[in-house]
Amino acid sequence: MSDDVRVNGEEPTTGEAESPDYDNAFDAIVVGAGLAGSAAAVTMANEGLDVLVIERGRYPGAKNVFGGVLYTPTLRELVDVTAAPVERYVAEKRFSMLSETDETAVSLRPGEWHDPPHNDSYTVLRGEFDRWFAEQAVEAGAVLVTETTVTGLLRDDSGKRIRGVETDRPDGAITADYVVLAEGGNSLVSEGADLKSVERAENIAVGVKEVLEFPENDTAIPDRFRLSDDAGASYHYFGEGAVGSAVGGGFIYTNEDTISVGLAYRLADARGRQPKPEQTLNAFKSHPAVAPLVRGARTVEYGAKTIPEGGHESVPQLVHDGAVVVGDAAGLVLNNGVHLEGTNMAIESGHLAGEAIAAAAQRGRTDEAALRSYPERLEASFVVKNLERYGWLMERVEADRDLIFEELPHALADAGAEYFRMDREPKEHHAEAARDRVLEAVGGWRGAAKLAYRYREVIR
Amino acid sequence: MTSPNAEGWTVVVGVKQVPDSDEVRIDPDTGRLDRANAPAVLNGPDRDALEAALSIRDAVGGTVTAITMGPPTATAVLEEAVAMGCDDAALVTDRAFAGSDTWPTSYALAMAAKHLNADVVVCGEETTDSSTGQVPPGIAAHNGWAQLTYVEDVEPLPEENRLAARRDVEGGHERVAADLPVVVAVAYGEFDARPAGLHRKIFAENDFEPDQLTAEDLSIDPGDVGMDASPTQVGGMDTVEPVERKNEILEDVADLLEPIAATAEVDG
């Protein structure tokens with residue numbers, strides 16, 4: 001805590017004497033103690049800044065039942081991750097195409113993932129992880145205030161410079177040189193302050209997730225997912241068996257003694273043709289390829305959230321005079337089907353923003369130009385490179401949705417069935433039948449070649 | 001003891017840290033309450049007490065000081081009280097107090113209230129972890145002060161040096177006035193606690209340190225408090241098995257008359 005706080009705790013006030021006043025007692029205010037917010041807070045506190053983190057939940061992570069796989073390359077640079085409350089390391093990534101009744105899957109279990117740092121991929125429960133991460137920020141010197149909702153931004157008389165935040169508490173305004181907006185995907189403060197436009201429905205995905213436990217069955221998770229010790233699995237599902245006719249997918253992640261099962265698909269689909277998210281999730285859990293994995297499970301948590309997935313074009317202006325936007329609030333989420341990553345991008349953006357603020361503070365400046373190193377370094381980082389690389393994919397997938405989410409899963413399943421058919425025909429005939437079935441779906445050899453060309457970037 | 005005071009009243013409010021009753025679970029193996037794993041929070045009825053205490057200060061001026069008896073970790077509930085608006089807070093803490101039941105607890109709190117020159121002591125109706133409701137009357141009894149229990153509303157009368165209150169009684173309510181100093185136990189749910197101001201909350205949680213009051217500070221003989229001075233003896237604990245009830249399904253309402261008539265005969 002800085003020395004310029006005007007009330008000193010050693011001599012408590014009496015009567016209606018001075019009320020405490022923390023205006024400008026902190027260098028920076030962070031809105032939201034999620035991954036991006038805590039990464040920014042840790043970074044700035046380590047640089048010697050006085051940081052106030054404002055969180056609306058009872059504790060950090062209380063409002064977040066999401067998460068799943070956490071990618072830790074940047075996190076490892078910021079804090080000692082050996083004590084972090086992770087559930088399991090990811091030892092298997094499995095990708096499944098589901099038609100209504102079939103499953104065709106590819107599984108990756110590289111031996112290398114069993115060794116530290118485990119490809120920097122761990123399953124986490126955000127309620128526990130976010131709380132721990134925020135504690136690291138507090139240990140680094142940040143001040144955390146919970147159960148407080150930021151309702152708006154304060155500006156100077158010219159209206160240009162952001163000076164602080166307004167909260168839902170009495171005497172609720174507080175000023176500081178910098179505001180870090182890390183409020184998450186539902187970014188009401190940033191939108192209300194015109195720092196970003198309201199996201200179009202086609203660029204927002206809805207995520208629903210359940211955490212399930214297996215009462216009186218301690219071996220359900222290792223047995224069903226073929227796991228030993230701390231190894232875990234991340235299963236991704238596509239196709240109409242996962243999310244019906246919507247663009248999106250499903251997932252199952254193994255935690256220490258629970259599993260997280262969920263879906264993420266476009267809000268436009270959720271509003272239109274799709275039944276309710278809960279129904280879609282129940283249908284996914286009843287799919288013949290999924291039901292045996294969740295048999296006998298009991299729901300311990302249920303949650304839903306919005307996921308921005310407009311890609312690179314939807315990233316708003318990231319720096320303003322006196323403020324920066326980070327994490328999901330900045331649309332920095334990668335969700336293209338193959339990769340579902342927001343956590344590492346959130347941490348990276350929070351970290352880079354924190355460093356930019358620390359550098360600007362040293363020069364006593366708050367203007368956009370002084371904070372520009374944040375968007376510049378973000379552009380150069382994997383965060384924006386990945387968003388750019390996969391930005392086109394969502395459009396392609398949308399254009400080919402019937403093929404990708406319905407016809408191809410059927411064709412692949414049929415082809416598999418043909419290839420391995422047990423009858424008295426020679427194997428050669430099975431292979432031909434399988435090939436023909438796939439070619440039929442994609443429009444012959446020409447169609448297959450075109451398709452391969454259209455999606456070549458995925459494996460570039 | 002106290003004369004009309006232009007400086008306002010000295011209000012002391014007693015609070016307690018308890019296991020969060022929303023989080024207390026029953027151990028499925030032993031059937032016992034697992035209190036240890038529940039987070040420690042401010043006793044719910046104490047929010048009513050804090051609001052009542054602050055409303056008295058709003059009306060007549062003066063100060064509100066929160067006190068709690070417990071280990072240093074109990075400081076969290078004092079911070080919450082200061083965040084809400086209490087001017088100061090004190091932790092009544094001493095190894096000698098360990099194991100105290102309601103008798104020595106109310107004695108120690110009574111001595112603390114005297115030490116702080118309280119005009120009014122406000123407490124919650126009861127605590128959610130023991131539900132005796134004995135401590136507020138105990139404080140009054142130890143100090144020989146007036147007490148007002150099950151209070152739904154308070155009305156300070158500074159000119160008369162008295163506090164009037166509306167008490168919840170069976171079938172309605174009564175209005176009673178007591179001379180200061182007085183101990184007030186407020187009815188749960190009758191006072192809508194004010195939210196903490198932002199700056200005050202930051203101050204309370206980060207820069208405020210409560211005073212500590214030991215047995216010596218309060219002139220308490222260690223032999224008068226603690227486990228040995230506690231008359232409560234816990235003989236044992238049992239899980240009560242549900243009583244098997246006799247069920248009988250009658251097809252016809254008229255068939256009910258006979259057993260009812262038989263019962264009535266016993267009563268004469």
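Predicted model, so just to flag it, every value in this text is computed and none were measured. In the text below, chain A, chain B and the rest are named by the order of the sequence lines, each starting its count at 1.
Separation of atoms CG (A:L52) and CD1 (B:I202) is listed at 4.5 Å; rounding is to 0.5 Å. The OH atom of A:Y22 lies 9.5 Å from the CZ atom of B:R200; values are rounded to the nearest 0.5 Å.
Heavy atoms of other residues, nucleotides or ligands lying less than 6.0 angstrom from CG of A:D230 number 12 at most. Applying the 6.0 Å contact sphere to CD of B:E216 captures no more than 12 heavy atoms from other residues, nucleotides or ligands.
Residues from residues 166-180 of chain A that place a non-hydrogen atom less than 4.5 Å from a non-hydrogen atom of chain B comprise A:T167, A:R169, A:P170, A:D171, A:G172, A:A173, A:I174, given in numerical order.
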Would you tabulate the side-chain donor-acceptor contacts of residues 136-146 of chain A under 3.5 Å, counting partners in other chains and residues two or more places apart, or write 'none'?
residue: A:Q136; atom: NE2; partner: A:W132; partner atom: O; Å: 3.2

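Residues satisfying the side-chain contact (heavy atoms from CB on, under 4.5 Å) test with B:D20, not counting sequence neighbours, are A:R58, B:D22, B:E23, B:P39, B:V41. Residues forming a side chain to side chain donor-acceptor pair (under 3.5 Å) with B:T128 (at least two apart in sequence, or on another chain): B:N43.
Considering only heavy-atom pairs separated by less than 4.5 Å from chain A, the leading option among B:A204, B:G85, B:G197 is B:G197.
Both the backbone and the side chain of B:A196 come within contact range of chain A, with heavy atoms under 4.5 Å apart.
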